[in-house]
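Convention: sequence-line order gives letters A, B, ...; per-chain numbering from 1.
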Amino acid sequence: VTIDIERELRLAMTAITAAASDSALSAEAVRYRVRQRHRRRLVMRSAMACGVVATVFSVAATGHEDADDTSIKPMTVPAGDRVELTPKQPWLPLSPLDKPHSSTTFGVAGRFTITVWTSMFVYAGNVVQQRCVSVAGTDPVADAGTTNCDQFKGKERQTTTRATLDDPVLGPLDLWLWSGLSTDVAYVEFQDGDSSSWEQPIDGVVAFVTKDRQGRTAGVSYDRDGNEIDRVSPLAPPPGGPFQPSVNPKWEHLSQADREALPEIASDALTDCLSRYNSPDDAEWEGCLPRVQAAVNEWLAARA
Amino acid sequence: MPTSDDVEMAPPRAAVARPAVDFDQFFTAVGPSMLRLAVLMVGSREVAEDIVQESFVRVYERWDHVVNPGGYMRVVVINRCRSWHRFRGRAHRRRMLGDLSTSHDDRTIELADLLARLPHRRRAMVVLRFFEQLSTREIATAMNVSEGTVKSTIHRALAQLRQELT
């Protein structure tokens, strides 16, 4: 039996909306709501202003440290010189991710530009965070041309990457990059031949320019108290192994059509989550994971 | 900080001139069609009225900055319907089908049920295409996606509806 689905849809939609023409909507009611909202905003802003003033006085009175600085800082003194990643204005090459995502761009030693894209995908009813790291040479140095998309959640997937570019002044430069670090990591010490340095990660990534060409490099990640978390070197590859997906039991009973629709549910929830954060960092993204998973679970439960 | 509405489609700003339309005229012109759109998206007249009213509030607040109030209003309505579905949609869908059963034939009720089961994006595109009669390009602009995505999403939605009707 052939169904003219478009015609049937038009007829059904016309029938469903037939009774909606005599509405109680009025432009005056809209203006009334706007006035109410403005009043509420005024009250809230006044309350917030009072709160800000009270906080300023309280911080000044107690001589408290910078209250906005919530990043994890090491309590111990790491070995070697500190190297800093330089946050840059978003320079956004074409994203390798065809879905909602956030991105952060930072520079290393004024020569390399690193962009981190963070997103999620749904695998068999489970939400998994996905991250891509792109390494490029800073203009006008030639593009180092490496993009690496890894799938990981927490510490399940860590990778190291090497990239080389030919600097016309300094000659060949090598970059050593460790991605997929967990949010517990406060800093990473990098052993480069006979010298060492340390760095604080951005978006789970640390990167060092290395001079050692004999593979005598090693990285050790530490928490803020100086406890070792992970260690990588040519002899000890990143921990975690390959991505190990699990299957949500509720997903197994879905129809094919529902399975195809599921990514859209996750994508919408992710868009919502992204729109709440101007500059997502790891902690906020980790907050998005359960939100998106909850939306997916609710949708799966409705079809159980 | 942007809201989800901003992300979906930010209103075109300032300098571009738009036809001098009074808000009351705009309200009268688009109100009924927006209500029908919302009814199809959420399945409840009562909820649809609230969503449309709130959407008008948003447009009114940005009236001086929006170049295309009709297009912007449509996007706001669709986004609010999506938010509503996310938090309260399931329970209301059952009630809606109860309301429909007294006034419509079985086929309409079946289609309304299937339409309500579609994920937000598919449902929105189907309604915009076959009820609002928008072109693929207009839908792509309204939903901030590519025309290819619109075509494939509508194709999948129709296939899903066709399969479940047989």
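- Looking at every heavy atom in both residues, A:A257 comes nearest to B:R122 through O-NH1, 4.1 Å.
- The shortest distance between side-chain heavy atoms of A:L11 and B:L111 does not fall below 4.5 Å.
- The shortest heavy-atom contact between A:A27 and B:F23 is CB-CE2, 4.3 Å.
- B:A48 pairs by the side chain to side chain contact (heavy atoms under 4.5 Å, CB included) definition with B:L35, B:A38, B:V39, B:V42, not counting sequence neighbours.
- Residues A:W299 and B:P119 approach most closely at CZ2-CG, 4.5 Å, considering heavy atoms.
- Atom CG of B:L161 sits about 5.5 Å away from atom CG of A:L9, to the nearest 0.5 Å.
- Residues of residues 148-157 of chain B having a heavy atom under 4.5 Å from any heavy atom of chain A, listed by number: B:T153, B:R156.
- A distance of 13.0 Å separates CD1 of A:I16 from CZ of B:R36, quoted to the nearest 0.5 Å.
- Residues passing the side-chain hydrogen bond (donor to acceptor under 3.5 Å, both in side chains) test with B:E164 are B:Q160, sequence neighbours excluded.
- For residues 129-140 of chain B, heavy-atom neighbours of chain A at less than 4.5 Å comprise B:F130, B:F131, B:Q133, sorted by residue number.
- Closest of all the heavy-atom pairs between B:R121 and A:D268 is N-OD2, 4.3 Å.
- By the 4.5 Å heavy-atom criterion applied to side chains, A:E264 and B:H120 are not counted as neighbours.
- More than 12 heavy atoms of other residues, nucleotides or ligands shown are found within 6.0 angstrom of CZ on A:R35.
- When the candidates B:D50, B:V52, B:V59, B:T28 are compared by the number of heavy-atom contacts under 4.5 Å with chain A, B:D50 comes out ahead.
- Within the 4.5 Å cutoff, the side chain of A:R33 has no heavy atoms near those of the B:Y60 side chain.
- For chain B, the nearby parts of A:E8 are the backbone and the side chain; heavy atoms of each come within less than 4.5 Å.
- Of all non-hydrogen atoms in A:A12 and B:T108, the two that sit nearest each other are O-CG2, 4.0 Å.
- Neither the backbone nor the side chain of B:L37 comes within less than 4.5 Å of any heavy atom of chain A.
- By the 4.5 Å heavy-atom criterion applied to side chains, B:Q163 and A:S255 are not counted as neighbours.
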